[in-house]
There are 2 protein chains.
Amino acid sequence: MAPIVPDGLFAIINFLSSSLKRIYKKGVGMNMEPINLKKLASLLHLSISTVSKALRDSHEISADTKKRVMDLARELNYEPNPYAGSLRKFKSKTIAVVVPDIINNFFIFAIKGIQETAHAKGYHVLIYITNENPEYEKDVVRHMTNGRVDGVVISLTSPIDDTEHLMHLQEKGVPVVFFDRVAEGFDSTIITTNNYESAYNGTRYLIEQGCRRIAHCQVSDKISIGIDRLNGYKKALEDAGIEVRPEWILTSKKDSAHDATLIENALLQKNAPDGLFTSVETHALITYDICRKHKIDMPGKLKLLSFSNMPTAHLLKPSLSTITQPAFEIGQAAVQQLILALEKPARYIPEKVNMDSVLIERESTGK
Amino acid sequence: MAPIVPDGLFAIINFLSSSLKRIYKKGVGMNMEPINLKKLASLLHLSISTVSKALRDSHEISADTKKRVMDLARELNYEPNPYAGSLRKFKSKTIAVVVPDIINNFFIFAIKGIQETAHAKGYHVLIYITNENPEYEKDVVRHMTNGRVDGVVISLTSPIDDTEHLMHLQEKGVPVVFFDRVAEGFDSTIITTNNYESAYNGTRYLIEQGCRRIAHCQVSDKISIGIDRLNGYKKALEDAGIEVRPEWILTSKKDSAHDATLIENALLQKNAPDGLFTSVETHALITYDICRKHKIDMPGKLKLLSFSNMPTAHLLKPSLSTITQPAFEIGQAAVQQLILALEKPARYIPEKVNMDSVLIERESTGK
DNA sequence: CCTTCTCCCGGCAACGTTTCCGTAATTAAT
DNA sequence: ATTAATTACGGAAACGTTGCCGGGAGAAGG
């Protein structure tokens, strides 16, 4: 069927272009010639478009041609160049996940949920850790308008009123899904937990456990969860007729050494708090260290409650009472919503999903 | 300077093509027209190649032309399409990190190190979690020959003798750097810790603490660290004249329920172990739960030592003695080596980096 | 005045796909 | 038998870049 002479010529031509490419690409190396549609087409004596359509199982191609093409493609381990397709189709099958921190079990589990469902749907996941640095977040987000990612799942480190970089992203047609640390005024999906109620219930629980001087350590006064949780804390105190004392509202500076002295000073003052409600698990751990250092009896002298997804909370001494968020499910839901926005924009209606956290009583609150 | 009529015409033409593109791309939406080199060129009455060169600060372009171009690019928030460049240049400025698990502080810190240094060097990071599934790892790795990533940093879940998928990757010219769970026979950088010595010293330490019936729980008998650590464990027993009992070598089935009963049965048999040396922190946590459930006194009846990077090890009850690996530094080193291989292939010599873990004595071993 | 050189810029091909279109050959409908 | 429809394939443009050329204008040197 295939004429001999042209094949020989093809072989020579291919060899030449092969070695040229090799030099151009790597200088030296054992890497074989890249195999692409053109290569498959020439080996099969078909056109590039026919091969392309055959591989995509197009109805325009006969059954046995498809088989020939697919067999050869499998044999040669053909892998389509994703960037060529992306360039043509304006979609990369890639999403970005942007988180403030990774040494935090909440984000770990969320990332796991994100990654798992994204991969199940055929998406690749680029990960960006902002290290609580708003400038870095802006920088990263601004560069996402270039088509590298089809959509973004983000938990903010920027203040709630400083999100024009995300507005810009949205205007450029890149869907954004927020989770946990969210923004307002966006026509996009926002996935949170019931922060206000959790903080309210947590604070009230501390009161019920006998605390009257309850401090709160928040991660920031400029992000959504910081505000919501603070408000829940305040309202619970008010409802119990307990004065809200500003000096007992500790605000993290995102520097663990600073935070440690902040908490330490608060706990060592005269008439010190008898209850502490922390918003992130690292602050709870810092508190453990402080209590050990200064021999503060927990839960005797100080009761501690923290938002946390630590797998070791029940093994600590004393075991840590926690408000635990459904982190994994949040990650899953975020990606599901994002992919819906990407693939069925008509059926996508941005929604505010609000999931419930669960309060787990343990020894640190005198259980 | 610029003639008025042509500009007006351009505007009309641009508007038309804009609305057309909008319909083609999204159907509907507030997204503006994408801005690319062609657009910049037409606005500036320059050629595409001139604009391209100006943006890359080429010496072929005059200073004021560069300024005009860059000013407009900044004003319009021009972002070069990364995939077009990747297609042209055969490099994506993207690396993949493949890890078996993410609910494991070792990998968390490693990922942090990887991500941080990769971004510092201008690389993007795709993350793949294999969930200890070799088939999934193979699937993922096989699809990495298509140019999506320039290189791969991997900690294996596949058995040490089943790595042809990685061979294939290397043959295709994609550099691979292994860390922690590594493979043999590859001409590439391998970053490990001194697993044999750590296991030897850890086991000897347990002996010194009075243990005579020491069990070892390994993550797998088919991966590098499993083998090395087991051998260190065995050697330490032999050197102390203690018999190595096969039934005390527990091998994880990568299913936490199964592992729990495995360890539970081992600890409940008559003449049970008085020491346990676990290779991953999850097994240590399982052991804590078992001890609590069955009221096994730790460290009285059972001493526990584990490889672990848990930030809460010192806060557990009892605090956990650990062998802690320099996870963050491993991640850093892995990426540094990979980028060296990518950018200075001439100066890159694959090496076997071996870092030291540190044994931290705490209460779980009777400190 | 002619040559040579430098400076600046534009044209064009190429990267690997996808997809719109055209068309030849075969089959079905009239 | 002529036309219409269908099947199966190829040609070519396009996606947004980069980089090799080539060339015109002006300056410098003879």
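Residue numbering restarts at 1 for every chain, and letters A, B, ... go by the order of the sequence lines. Worth knowing before you read on, the calculation uses all heavy atoms, side chains too, and leaves out hydrogens, waters and symmetry mates.
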Q: Establish, with yes or no, whether the OP1 or OP2 oxygen of D/dT18 is under 4.0 angstrom from a side-chain nitrogen or oxygen of B/Ser52.
A: yes
With no angle test and no hydrogens, is the base of C/dC8 tied to the side chain of B/Glu60 by a donor-acceptor pair under 3.5 Å?
no
- Query: Is any side-chain N or O of A/Arg56 closer than 4.0 Å to OP1 or OP2 of C/dT19?
  - Reply: yes
Which of D/dG11, D/dA14, D/dT18 is nearest the side chain of A/Ser47? It is D/dG11
What one should report as the nearest heavy-atom pair of A/Thr50 and A/Ile61 is CG2-CD1, 3.8 Å
Quiz item: Looking only at N and O atoms, is any donor in the side chain of B/Lys39 or the base of D/dG16 less than 3.5 Å from an acceptor on the other one?
Solution: no
Exactly one candidate in B/Thr130, B/Val99, B/Thr163 meets side-chain contact (heavy atoms from CB on, under 4.5 Å) with B/Glu137; the answer is B/Thr130
Could you tell me whether the phosphate oxygens of D/dC9, OP1 or OP2, come under 4.0 Å of any side-chain nitrogen or oxygen in A/Thr65?
yes
Of B/Ala84 and B/Ala63, the one whose closest nucleotide on DNA chain C sits nearer the 5' end is B/Ala63
Strictly below 4.0 Å: does B/Arg88 bring a side-chain N or O up to OP1 or OP2 of D/dG19?
no
Rounded to whole Å, the CD1-P distance (A/Ile61 to D/dT6) equals 18 Å
Checklist entry - Between B/Tyr78 and D/dG16, is there a side-chain N or O to OP1/OP2 distance below 4.0 Å? => result no
- Message: Any base atoms under 4.0 Å from A/Pro82, or only sugar-phosphate, or nothing? Heavy atoms, all strands.
- Response: nothing
By nearest-heavy-atom nucleotide on DNA chain D, the more 5' of A/His59 and B/Leu87 is A/His59
Rounded to whole Å, the CG-C1' distance (B/Leu37 to D/dG19) equals 13 Å
Next on the checklist: Is there a side-chain contact between B/Asn36 and the phosphate of D/dG16, meaning an N or O under 4.0 Å from OP1 or OP2?
Outcome noted: yes
Q.
Any salt bridge linking B/Lys67 with B/Asp64? Criterion: basic side-chain nitrogen under 4.0 Å from a carboxylate oxygen.
A. no
Here the distance between atom P of C/dT18 and atom CG of A/Asp57, to the nearest Å, is 13 Å
inquiry  = For C/dC9 and B/Thr50 - does any side-chain N or O of the residue sit under 4.0 Å from the phosphate oxygens OP1/OP2?
reply    = no
Winner on side-chain proximity to A/Ile48, out of C/dC8, D/dT18, C/dT18, is C/dT18
Atom NE2 of B/His45 and atom P of C/dC9 are separated, to the nearest Å, by 15 Å
Side-chain ion pair, A/Arg142 and A/Glu164, N-O less than 4.0 Å: yes
* Classify the ring geometry between B/Phe179 and B/Phe107 as parallel (under 30°), tilted (30 to 60°) or perpendicular (over 60°). => perpendicular
To the nearest angstrom, the NZ-P distance between B/Lys38 and D/dT17 comes to 10 Å
In whole angstroms, the gap separating P of D/dT17 from CG of B/Leu40 amounts to 8 Å
Worksheet item: Are any of A/Ser86's side-chain N or O atoms less than 4.0 Å away from OP1 or OP2 of D/dC15?
Response: no
From the candidates D/dG10, D/dC15, D/dC21, the one with an atom nearest any side-chain atom of B/Lys53 is D/dC21
From CD1 of A/Ile35 across to P of C/dT17 the rounded distance in Å is 9 Å
Under 4.0 Å, heavy atoms only, any strand: does A/Ser49 hit a base, just the sugar-phosphate, or nothing?
base
Any chance the side chains of A/Tyr136 and A/Thr157 put a donor and an acceptor closer than 3.5 Å?
no
Here the distance between atom P of C/dA14 and atom CG of A/Asn81, to the nearest Å, is 17 Å
